[in-house]
2 protein chains.
Amino acid sequence: MGVIMACNHEQLTQLIEQKQLRATEARCRILELLYDTREHYTPEEMLEALREHGKPFSIATLYQNLSKLAEVGLISRFVGPDGQTRYDANTAPHHHLVCKICGRMIDVDVEGPLEEVRPRALFADEEPVLPEWKVDDIHIELQGVCPDCQARISREAGGA
Amino acid sequence: MGVIMACNHEQLTQLIEQKQLRATEARCRILELLYDTREHYTPEEMLEALREHGKPFSIATLYQNLSKLAEVGLISRFVGPDGQTRYDANTAPHHHLVCKICGRMIDVDVEGPLEEVRPRALFADEEPVLPEWKVDDIHIELQGVCPDCQARISREAGGA
DNA sequence: ATCATTGCAAACTGTTTGCATCAAG
DNA sequence: CTTGATGCAAACAGTTTGCAATGAT
């Protein structure tokens, strides 16, 4: 579970039915898009991508299915630093690398001594509060500029 | 700048006027709330807090001022993992400790070898992509359970 | 045949905007 | 007095929901 890989139609059907859901065309198309591209789509972006493929797609059906699929754990939902809700097919714990320019986001693992990273109160008078928090999870968001935006920027700088 | 401390009215006025803005009552009340409490309020929560203090407060004025104050750098805006927009008075770079139960969020610094934390592609076929990202920022979100929720949970467990 | 799913339209929530009034400088 | 700020109401964007029609088992 949580391992992403491009799937054929039968595999998708199986995944969905394992969750006691009907393997409808809408659900297959959504899962296929997320599994194949590994992108972190906003609902709006997904709608565009799904419609480009030819067939129409109802926005209500999209939202209904994104909720249901996230609920049963076939996809995961989160909110990016830009405030946009996004979905991806990677339900295993992971970290994110985010482009500050376009908001694009890819999954990464991190290497390094994470266990040694510890919180510390920022203000003297909060010192006693911190130890009482039970901290059991860490999510790292690396920020930078993606290859595409770097290219676009240097192209525009060169042209201007 | 970016250092939080409780301020008196004159100091607030000065801070605001340094940014070429008029030090109106609405702005002072907003800044005072954020600076005094250090909480990470949603607009809705702020509205409630501001109105409890007695006087009414227009929701349009709140939003208008939150935008403006964030724009000039007197406060900072961000979106929590629960998707709620929040504001705080700490404009210096910092990390967050978030309660998984109630969503409460406090600022923390972290200790540990952060420089050694490096991204690594999750999928073999993405390996060549990663090095082309320019990574220059890291934001760490520690998740756990705040003291209040811990207390409430053990109280409920004991009572049930 | 049965019951989940679809998809339109209407409802809802959080946020922004137009604009007349008001108040800070 | 001048210009920016306020605050109502209307507009808006993203998301959810009611419900009749449709489709999967």
Would you say a side-chain N or O of A:Tyr63 is under 4.0 Å from OP1 or OP2 of D:dT16?
-> no
Tell me: CD of B:Glu71 to P of D:dG4, nearest whole Å?
-> 14 Å
Between C1' of C:dG25 and CD of B:Gln20, the distance in whole Å = 13 Å
Considering just the side-chain nitrogens and oxygens of A:Ser58, establish if one lies under 4.0 Å of OP1 or OP2 belonging to C:dT6.
-> no
Between D:dT6 (P) and B:Leu66 (CG): distance, integer Å = 11 Å
Do NZ/NE/NH1/NH2 and the carboxylate oxygens of B:Arg86 and B:Glu39 come within less than 4.0 Å?
-> no
Could you work out which one of C:dT15, D:dT15, D:dA9 sits closest to the side chain of B:Thr85?
-> C:dT15
Among D:dT15, C:dT6, D:dT6, the one nearest B:Arg27 by side-chain distance = D:dT6
Sugar-phosphate or base contact per nucleotide [nucleotides 20-25 of chain D; S, B, -; heavy atom under 4.0 Å] | ---BBS
Aromatic rings A:His40 and A:His96: how do their planes relate, parallel, tilted or perpendicular, breaks at 30° and 60°?
-> perpendicular
To the nearest Å, give me how far apart NZ (B:Lys68) and C1' (C:dT15) are.
-> 16 Å
May I have the distance from B:Arg77 (atom CZ) to C:dG14 (atom C1'), rounded to whole angstrom?
-> 12 Å
Would you kindly give the CD-to-P distance between B:Glu44 and C:dT16, to the nearest whole Å?
-> 13 Å
Is B:Asp137 salt-bridged to A:Lys100, cutoff N-O under 4.0 Å?
-> yes
Is a side-chain N or O of B:Glu48 found less than 3.5 angstrom from the main chain of B:Glu45, in a donor-acceptor match?
-> no
Rounding to a whole Å, what distance do you find between A:Leu31:CG and C:dT5:C1'?
-> 15 Å
Can you find a side chain N or O atom of B:Asn65 that sits less than 4.0 Å from OP1 or OP2 on D:dT6?
-> yes
Between A:Leu62 and A:Pro43 the two heavy atoms that sit nearest each other are CD2-O, 3.3 Å
Tell me, with the steps shown, if A:Asn90 and A:Ser76 meet side chain to side chain donor-acceptor pair (under 3.5 Å).
-> CA-CA 7 Å; A:Asn90 187 357; A:Ser76 62; over 6 Å; no
Starting at CG of B:Leu62 and ending at P of C:dT17, how long is that distance when rounded to a whole Å?
-> 15 Å
Selected nucleotide, minimal atom distance to A:Gln64 side chain, candidates C:dT5, C:dT6, C:dT15 = C:dT6
Take A:His94 and A:His139, measure what ring pair (Phe, Tyr, Trp, His ring centres under 6.0 Å) needs, and give me the verdict at the end.
-> CA-CA 8 Å; A:His94 60 273; A:His139 177 251; 7.4 Å; no
